[in-house]
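Data block below; observations after.
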Amino acid sequence: MRLPATDNHMHVDPERGIGTEAVRRFASRGGCTAFIVVKPRSGVPDAERLMENNLSTVKLAEVAQRETGVRCYAVVGVHPVEVDRMAGAMGVEKAVEHAIKATEHAAELVEQGRACALGEYGFPHYPAAQEVVDACERVLLFALELARDAGCAVQLHTPSFSSELRERILGVARRAGFKPEKLVKHFSPPDFGEIAAAGIVPSVIATKKNIRRALEVGDGFMMESDYIDELSRPGAVVSPQAVPKVTAALHQAGVLEEEAAWRIHVEVPERTYGVEIATP
Ligand SMILES: [Zn+2]
């Protein structure tokens, strides 16, 4: 019996990695649906480059879907690390200006149905200057306002979750009139109870250990590989096959019931993103 497998967060980089071959490998182990998230390029971007990158991610998802049969959805936007890099090079005001312009373009791609969600928004995962954190918050607020109007979800990139961070994010969502149920915490800890209690949807890295732990908390989460597709950084994350592999292994081990697998891979993403999820 085949179970569905949805990878909520993977990057595909034809320049520095294996490109759509990553999606083919995902498919070879039973992967059905992949959310392909725009990957920050090296260097300092500007609005133009950010928009180009979003557009090429959309095209990549279209090509990957055609070539592999995996249902591919693009997630586009501006990463907090890009806001930080721009702030360092041109000051926070200019950085926010570029990020906002690129976010408007990303939201248009969603409105056109070429992308399905905005991401990654939030805060750098490393300690950053207060003015950079504040700039990221302004960009997040703007992204949530546009996502609210577009009716789409937003993938969050943040430092380790704390109650302070949770309150900060929920505060921004409230100001934007954005429902937490459409906020996805990418790279969620397997102990996702606090995140789910805030109404935010957790997405847990697919290792056997993580998913075993997450299943002890419940089945209201998604799985992701966070594959970065960069050959110079092998093993920086799990492989693009991780989600279907771990799903099958834990099912065989009797840890992951069929019903929970359908919840994790189909129900939760369909409810969160409002898109159709492919199944075996
Ligand atoms: Zn990512």
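Only this structure's heavy atoms are used, side chains among them; waters, hydrogens and symmetry mates stay out. Whatever order the structure lists ligands and atoms in, that order sets their numbers, starting from 1.
Among the atoms of His186, none of the N, O or S atoms falls under 2.8 Å from the Zn ion (ligand 1). In summary, His157 places no N/O/S atom under 2.8 Å from the Zn ion (ligand 1), failing the contact criterion.
Ion pair Lys59/Glu62 not flagged as a salt bridge, since none of the NZ, NE, NH1 or NH2 atoms sits closer than 4.0 Å to an Asp/Glu carboxylate oxygen.
With the Zn ion (ligand 1) as the vertex, NE2 (His9) and NE2 (His11) define an angle of 90°, rounded to 10°.
If you look at Glu120 and ask which of its N, O or S atoms sits nearest the Zn ion (ligand 1), the answer is OE2.
Sparse packing is recorded around CD of Glu164, with 12 or fewer heavy atoms of other residues, nucleotides or ligands lying under 6.0 Å away. The environment of CD in Glu48 is sparse: at most 12 heavy-atom neighbours from other residues, nucleotides or ligands sit within 6.0 Å.
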Side chains of residues 271-280: which donor-acceptor pairs under 3.5 Å do they make with residues two or more places apart or in other chains?
unit_1	atom_1	unit_2	atom_2	d
Thr272	OG1	Val268	O	2.7
Tyr273	OH	Asn8	OD1	2.5
Tyr273	OH	Gln155	NE2	2.9

